[in-house]
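Report on one structure; see the data block that follows.
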Amino acid sequence: MTTYQGRDAPSVFGAVHLGYLVLETNRFADWRRFGTDAIGMHLDDLDTGLMRFRIDDHECRFLLRRGPAEDVVAIGWHLDDHTTFEQIEARVRAHGVPVAEGTAEEARLRGVERLLRFPGPKGITQEIYTTPVLSPEPLRMLASGWVTGDSGMGHVAITSTRPTVMRGYFNTVFDFSYYARTPSGFEWEVGWNPVVIDETTWQPTTHQGISIWGHTPVGRTIVDKLAQFRLGARSLAHPEHTVPGLSGTGPDD
């Protein structure tokens, strides 16, 4: 249980899943090649200045729109039920943070029936919904599809020069799982809902690739790695707007 507005309220931990990302870019030709040929996703060209990728039966997992940001500008969170939806909405409103309902066209582009949005850290809008629109159209992609479903499509990592404020925001709104620094200085990741293997039926398999998180892929040079660090450093240099009402802080600097 978590204490909210002086009362005990059930945690929404485990009922919130990464549903989609909205990106702003002017590099549509590069994204088209990257999304289809490198990652192997299903591409839908919607209109001038709009592009959408699928990886499963959800109509939208990545929505790209033309603009200068060259970054994620909104995160869509798929909630398990209307109770969770109403609980998060109430939390945000109770802290005096503005909440706006997305238009029917915005919901259509994101492949959801209805959405609410509110400000998030670093200018990344947070959007919540309960009902995704599923597409009967077969996937046109290099792979057969990703194992996503009810668990969502993964997680996001956001750089921050104010990690306490960032953590405060996502803990207040979503009761989010986390990385903790141990007394010895290394990080400890807490997870849940593990895969259970039946030893009597489990068959070992061979994977043709590995996660590149923390690794240097074949063919990548130290120059490439340094460029990646420079990109991360630039992201840290951006103005880091927060949402004081939801982050446990005073007015923004």
Side-chain angles (χ1 to χ4, degrees), residues 16-79 100-149 151-160 211-213 217 224 227-228 230-232 234-236 238-239 241:
V16 182
H17 318 282
L18 180 60
Y20 61 78
L21 297 177
V22 180
L23 300 91
E24 194 174 87
T25 180
N26 284 317
R27 300 172 179 171
F28 266 42
D30 293 337
W31 267 100
R32 182 176 287 104
R33 288 192 298 270
F34 175 79
T36 57
D37 298 337
I39 305 301
M41 297 186 290
H42 173 109
L43 169 66
D44 287 323
D45 281 309
L46 301 179
D47 198 353
T48 303
L50 291 170
M51 181 187 300
R52 192 163 70 182
F53 289 107
R54 288 175 54 203
I55 59 175
D56 52 23
D57 58 352
H58 289 227
E59 275 199 348
C60 176
R61 288 299 195 178
F62 300 91
L63 175 65
L64 280 66
R65 68 189 191 203
R66 288 205 181 275
E70 299 300 342
D71 207 342
V72 173
V73 294
I75 300 176
W77 300 104
H78 182 188
L79 311 182
E101 184 158 3
T103 66
E105 177 63 9
E106 289 170 333
R108 183 188 70 82
L109 290 175
R110 289 157 174 76
V112 299
E113 289 191 0
R114 171 179 175 256
L115 70 113
L116 289 184
R117 65 161 55 89
F118 45 88
K122 302 193 73 168
I124 303 174
T125 300
Q126 307 296 302
E127 301 179 349
I128 58 173
Y129 67 98
T130 58
T131 310
V133 177
L134 306 183
S135 174
E137 181 183 355
L139 290 166
R140 303 186 305 275
M141 53 198 297
L142 297 180
S144 59
W146 273 260
V147 180
T148 48
S151 297
M153 65 169 186
H155 63 274
V156 291
I158 304 174
T159 60
S160 176
S211 166
I212 64 170
W213 185 267
D224 298 325
Q228 183 181 18
R230 283 196 297 273
L231 180 62
R234 282 202 302 271
S235 73
L236 286 172
H238 291 168
H241 304 294

#### Entry: Validation row: Glu137, Arg54 side chains within 4.5 angstrom (heavy atoms)
yes
### Derivation and outcome, side-chain contact (heavy atoms from CB on, under 4.5 Å), residues His58 and Leu134
CA-CA 5 Å; His58 289 227; Leu134 306 183; 3.7 Å; yes
### Query
Should Tyr129 and Leu79 count as side-chain neighbours, where that means a heavy-atom distance under 4.5 Å?
no
### Query
When rounded to the nearest 0.5 angstrom, what distance separates CZ in Phe118 from CD in Gln126?
6.0 Å
### Query
Do Arg52 side-chain atoms and Leu64 backbone N/O form a donor-acceptor pair below 3.5 Å?
no
### Task
Using modelled atom types only, decide if a donor and an acceptor are shared between the side chain of Arg140 and the backbone of Leu43 within a distance under 3.5 Å.
yes
### Message
Assess the residue pair Phe53 and Asp44 against the criterion (side-chain contact (heavy atoms from CB on, under 4.5 Å)); give the C-alpha distance rounded to whole Å, side-chain angles, the decisive distance to 0.1 Å, and a yes or no.
### Response
CA-CA 6 Å; Phe53 289 107; Asp44 287 323; over 6 Å; no
#### Entry: Atom pair CE/OG1 of Met141 and Thr36 - distance to nearest 0.5 Å
11.0 Å
### Query
Do Leu21 and Val156 have side chains that get closer than 4.5 Å, going by heavy atoms?
yes
### Task
Would you check if Tyr20 and Val112 make a side-chain contact, meaning some heavy-atom pair closer than 4.5 Å?
yes
### Main-chain N/O of Asn26 paired to Glu70 side chain as donor or acceptor, under 3.5 Å
yes
### Query
Is the shortest heavy-atom distance from the side chain of Asp56 to the side chain of Met153 under 4.5 Å?
no
### CG-CD1 distance between Leu116 and Ile128, expressed to the nearest 0.5 angstrom
5.0 Å
### Task
First locate atom CH2 of Trp77, then atom CG of Leu115, and finally report the distance between them rounded to the nearest 0.5 Å.
14.5 Å
### Message
Please check this pair: side chain of His78 against backbone of Val16, looking for a donor-acceptor N/O pair closer than 3.5 Å.
### Response
no
### Task
To the nearest 0.5 Å, tell me how far Leu46 CG sits from Arg65 CZ.
13.5 Å
### Query
Hey, what do you get for CD1 (Ile39) to CD1 (Ile55), rounding to the nearest 0.5 Å?
10.5 Å
### Atom CZ of Arg66 with >12 non-hydrogen neighbours under 6.0 angstrom
yes
### Query
So, the side chain of Glu24 versus the backbone of Val22: is there a donor-acceptor pair under 3.5 Å, distance only?
no
### Message
So which atom in Glu106 and which in Thr103 form the shortest heavy-atom distance, rounded to 0.1 Å?
### Response
OE1-N, 2.8 Å
### Query
Hey, mind stepping through Trp31 and Phe34 against ring pair (Phe, Tyr, Trp, His ring centres under 6.0 Å) and telling me if it holds?
CA-CA 5 Å; Trp31 267 100; Phe34 175 79; 5.5 Å; yes
### Query
Can you find a heavy atom in the side chain of Thr131 that is under 4.5 Å from one in the side chain of Arg114?
no
### Query
How far apart are the closest heavy atoms of Cys60 and Gly111, and which atoms are they?
CB-N, 4.2 Å
